[in-house]
K.L.:
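Pasting in a structure now, in structure tokens, and then I'll have a few things to ask.
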Amino acid sequence: VCPNPFAAGTSLRVTLDRAADLRFEVFNLRGQKVRALEFSGLARGSHDLSWDGCDGSNRSVSPGIYLWRVQNGKTTEQGKMLKLTD
């Protein structure tokens, strides 16, 4: 679960039952993709997927509600997070 709310950055803890590649995506409330992060070759066990609170151009995103999605093959997890002022 993402620490919620957050200020500058946050991370999402995932636990894998086998090695996998993950895609962590962040969207604004309009459904526009803000950032996509790839995590390749993760071993079985727990991992923290970090997002620095920046968009794809490395600019800090505005405070507000963001949606996250993590994909692992056919499995998808999603949720909401709230960014506070930096």
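Not measured: the values here are computed from a predicted model. Residue numbers start at 1 and run along the sequence shown.
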K.L.:
Mind checking whether Phe24 and Phe39 have parallel, tilted or perpendicular rings, split at 30° and 60°?
P.N.:
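Phe24 vs Phe39 ring planes: tilted.
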K.L.:
Is a side-chain N or O of Arg44 found less than 3.5 angstrom from the main chain of Ala19, in a donor-acceptor match?
P.N.:
no
K.L.:
Working to the nearest 0.5 angstrom, can you tell me the gap between Trp68 CH2 and Trp51 CH2?
P.N.:
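Output value for this atom pair is 13.0 Å.
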K.L.:
Rounded at 0.5 Å granularity, tell me how far CG in Asp21 sits from CG in Asn72.
P.N.:
8.0 Å
K.L.:
Could you measure the distance from the CG atom of Asn28 to the NZ atom of Lys83? Nearest 0.5 Å is fine.
P.N.:
13.5 Å
K.L.:
Looking at Ser50 and Leu37, what are the two nearest heavy atoms and their distance?
P.N.:
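Smallest heavy-atom distance, with atoms named: O-CD1, 3.4 Å.
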K.L.:
Does any non-hydrogen side-chain atom of Gln78 lie less than 4.5 Å from one of Leu67?
P.N.:
no
K.L.:
If you compare all heavy atoms of Asp52 against all heavy atoms of Cys54, which two are closest, and at what distance to 0.1 Å?
P.N.:
OD1-N, 3.0 Å
K.L.:
Looking at Arg35 and Asp55, does any basic side-chain N land under 4.0 Å from a carboxylate oxygen?
P.N.:
no
K.L.:
Calculate, to the nearest 0.5 Å, the distance between atoms CZ and CG belonging to Phe6 and Leu84 respectively.
P.N.:
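So the gap between those two atoms works out to 8.0 Å.
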K.L.:
Less than 4.5 Å apart, side chain to side chain, heavy atoms only: is that true for Leu42 and Leu49?
P.N.:
yes
K.L.:
Enter the distance from Leu22:CG to Gln71:CD here, rounded to the nearest 0.5 Å.
P.N.:
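Answer rounded to 0.5 Å: 10.0 Å.
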K.L.:
Whether the side chain of Arg69 engages the backbone of Thr76 through a donor-acceptor N/O pair (distance < 3.5 Å, no angle test) should be reported.
P.N.:
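Such a contact is absent between Arg69 side chain and Thr76 backbone.
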